[in-house]
Amino acid sequence: MPAVAKQKLAELKRGATEDRLEAMTLPEGAGWAGDARGAALARVRDMGLPHPRDEYWKFTRPETLTRAEAPKASLFDGGEPHLFHDRDRLHLVFRDGVLDTSASDALALDGIEIERLSDAMAKDIHWARDVYGVLEANGQHPVQRPLAALNTAYASDGVVIRVTGKPAKPVCLTYLHEDETSDAILHHLIRVEEGAEMTLLETGPAAARFNKVMEVDVADTATFHHVRAQGRDHERRCVTGTFARLGTQSTFKSFTMTVNGVLTRNECVIELTGDDAVAHVAGACVGDGDDFHHDDTVFVTHDAVNCESRQVFKKVLRNGATGVFQGKILVKDGAQKTDGYQISQSLLLDDDSQFLAKPELEIYADDVACSHGSTSGAIDETALFYLRSRGVPEAQATDLMVLAFLAEALQEIEDESIAEEMVERLSGWLERRAA
Amino acid sequence: MLEINNLHVKLEEEDKQILKGVDLTVEAGKVHAIMGPNGSGKSTLSYILSGRDGYEVTDGSISLEGEDVLELEPEERAALGVFLAFQYPVEIPGVGNMTFLRTALNAQRKAKGEDEMSAADFLKLIREKAKDLKIDADMLKRPVNVGFSGGEKKRNEILQMAVLEPKMCILDETDSGLDVDAMKLVADGVNALRSEGRGFLVITHYQRLLDHIVPDVVHIMADGRIVKTGGPELALEVEKNGYADIMAEVA
Ligand SMILES: Nc1ncnc2c1ncn2[C@@H]1O[C@H](COP(=O)(O)OP(=O)(O)OP(=O)(O)O)[C@@H](O)[C@H]1O
Ligand SMILES: [Mg+2]
């Protein structure tokens, strides 16, 4: 963008940004926490909140995410318990973005230290001091993510986890949405120490408007698994930012399932900083209706030798739904033997739905294998007829093909029983929708 | 049981008439064969029977046991007992063969007001039928027809037929692509299903299949019509002399 235009855009943003900031109050905390928040606030002011003219907001309108008041979102009762409910887990419940200690398990699990963000940030001496907001700040270049900085500045709740061993069960965060106008901000901080391993599950809509940031620092030889299901409240909006840094021989795998929600923007920023690290990020999305908008914006940076990254995103869109994928693989100079893979596909069940994709590769090393592909297609009519000719009703046959289409993304879930639970839920939702 | 009267069919998108007045009756318990030159409309007839999109019936009627078939969706026809073994079975990546068959069977049962078959009973049933057709467990687990050889696909069609037990079985060139042993397996599969209440329409180019599945009636289709009907000897005549004589005779 030319300098003049840049300046003009900055001015345009300033007013809206100040309006939003005025409506918010910085939480209390220790000295270092105040510093971290102040720095984040300065980042927000410097960047300004997103504007439709920003390069990475061309496909997704940011207004309802940036404006001072959260748009109302009616509550939704799916008539079934939240995902992962009958799993052995450390369970934490958030109501409209606030931890409900009485509904949650005690913050104790062998192999991890887990605290509430507000408690950690009230302490003068805490390891979070060196980490809070750091990965988010790193992730602001070259693409700005002002809503994540806003989160760092204002988040008052969340979990802070240090993984030192291999806990026997996952930590599961259930996000309940109970207030039609709630505006929630959560910030989670996770440090997986050398050789340690954990699984984090997330489920639920969280709020009418939800801004979540998760910073995940995966040390050498450590492993982090993440599986989430974003809530099905039709009118909910959310923007999430996942910032991960991977050490040598570490593994990071994240899978997201999104069904419903009027607006979802999931940003994922991954930096492979140690050799032989592996990062997989995947998403399966099912959208229905012309007010459905789902956006995956992913940035993977290879800055070490012999690392593998995979991005697998699948979206099923119908009745005018919109899906967006902006995915980038950046291979820095010296990141030889990089194996980078990116696929984004949409299954458009009608002509009114649309998929907007911006796949990008930027490579500064010469010995790498990177591939990316993006496709948009309708349902295979011949296959549909074949299924129907065997007696499978059209809606059910479509569901079978939808599940088949999403399978490649769902296969990215490492734990088979979790993958099965996801598939089962998904088929149930599809089936009831058709009924 | 199957009655086709004066069936006229054209392509939906083009002004091309493909079936130009087909009359055909298949009685319960009988096997009818249809032979005929390439492009004469045999597969089209099979698609019209099973309800495929892309065609327009401009005249005529089809009924199965008195029910008007043309009014029904493909899945409703299936529940009524229509089954087409495709000339080109379709590959469906991501949909497991077993899941597919179980879904199909239970959907048909549901449509008929019957209880669904349990997973265990289904497994038992499919193992038994698969064994007869020498289809191994691995093939059952794979996605529908994906990576199957030509002959394996055809055997898979017969497996579906054996599991679904339709009333009206239409086989479109199920013999093509089969080796001699597989042809025998398929024919045995078909013969095992032959019964009082079931009709067969077997489309083929070769007498060889009809050695194993002996037809009661043989029809010759040419240019969108049944031009000649006879007994098994008609197939032998085609095998020996081609269609030239028959065409000359009916012209
Ligand atoms: N969807 C279509 N679009 C264009 N032409 C079609 C279509 N379906 C059928 N036809 C034409 O209709 C005619 C009959 O085709 P059909 O497949 O029924 O023949 P067939 O008797 O089964 O031939 P074969 O013995 O080669 O299998 C052919 O000329 C074919 O090209
Ligand atoms: Mg044919």
Side-chain angles (χ1 to χ4, degrees), chain A residues 257 282 284-286 312-316 343 345-347 349-351 373 375 377-413 416 419-420 422-424 426-428 430-432 434-435, chain B residues 46-55 72-112 114 143-146 153 156-157 159-161 163-166 168-170 172:
Chain A
M257 177 158 77
C285 148
V286 180
V312 180
F313 288 89
K314 301 264 191 164
K315 299 182 203 290
V316 179
I343 182 94
Q345 294 183 310
S346 75
L347 177 63
L349 295 181
D350 52 60
D351 295 339
T375 63
I379 205 148
D380 179 347
E381 289 294 336
T382 310
L384 195 64
F385 172 64
Y386 190 71
L387 292 169
R388 295 178 70 190
S389 79
R390 298 303 182 242
V392 185
E394 187 174 12
Q396 205 181 348
T398 305
D399 289 351
L400 274 177
M401 309 249 327
V402 161
L403 287 172
F405 171 78
L406 295 174
E408 190 187 355
L410 285 152
Q411 275 156 16
E412 291 293 322
I413 301 174
E416 259 180 49
E420 266 168 37
M422 282 279 184
V423 172
E424 222 164 88
L426 198 50
S427 351
L430 291 170
E431 204 173 298
R432 258 167 286 152
Chain B
S46 75
Y47 289 144
I48 296 300
L49 286 168
S50 48
R52 189 171 193 156
D53 279 347
Y55 304 96
L72 304 177
E73 297 294 333
E75 54 268 31
E76 294 170 323
R77 299 181 193 201
L80 194 64
V82 175
F83 181 95
L84 167 63
F86 283 56
Q87 180 171 3
Y88 305 106
V90 181
E91 297 188 7
I92 313 183
V95 177
N97 218 5
M98 292 268 255
T99 312
F100 161 56
L101 247 180
R102 186 157 168 239
T103 309
L105 181 67
N106 282 332
Q108 289 201 18
R109 288 181 151 226
K110 206 170 143 195
K112 287 183 237 172
E114 295 168 10
V144 180
N145 292 324
V146 176
K153 284 180 182 167
N156 199 28
E157 294 291 286
L159 172 68
Q160 293 169 29
M161 192 167 89
V163 169
L164 297 172
E165 299 186 321
M168 184 63 227
C169 307
I170 305 148
D172 191 358

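Basis for what follows: all heavy atoms, side chains included, without hydrogens, waters or symmetry-related copies. In what follows, chains are A, B, ... by sequence order, proteins preceding strands, each numbered from 1.
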What residue, out of B:Arg77, B:Glu91, B:Glu73, B:Met161, has the most heavy-atom pairs lying under 4.5 Å from chain A? B:Glu73
Under 4.5 Å from any heavy atom of chain B, what part of A:Ala407 do you find: side chain, backbone, both or neither?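 Neither; nothing under 4.5 Å.
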Under a 4.5 Å heavy-atom cut-off, does chain B meet the side chain of A:Glu394, its backbone, both or neither? both
For A:Glu416, does the CD atom have more than 12 heavy-atom neighbours from other residues, nucleotides or ligands under 6.0 Å away? no
Do you know which two heavy atoms are closest between [X] and [Y], and how far apart they sit?
{"X": "A:Leu400", "Y": "B:Val95", "value": "O-CG2, 3.7 Å"}
{"X": "B:Ala107", "Y": "A:Gly391", "value": "CB-O, 3.3 Å"}
{"X": "B:Pro93", "Y": "A:Ala404", "value": "O-CB, 3.4 Å"}

Where on B:Val82 is there a heavy atom nearer than 4.5 Å to chain A: the side chain, the backbone, both, or neither? backbone
What part of B:Asn106 is in contact with chain A, defined as an atom under 4.5 angstrom from a non-hydrogen atom: side chain, backbone, both or neither? neither
A:Thr382 vs B:Tyr88 side-chain heavy atoms within contact, under 4.5 Å: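 No, side chains not in contact.
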How many angstroms lie between CD1 in B:Ile92 and CG in A:Asp380, if you round to the nearest 0.5 Å? 7.5 Å
Geometric class of the B:Tyr47/A:Phe385 ring pair [parallel <30°, tilted 30-60°, perpendicular >60°]: perpendicular
So, the side chain of A:Arg390 versus the backbone of B:Glu75: is there a donor-acceptor pair under 3.5 Å, distance only? no
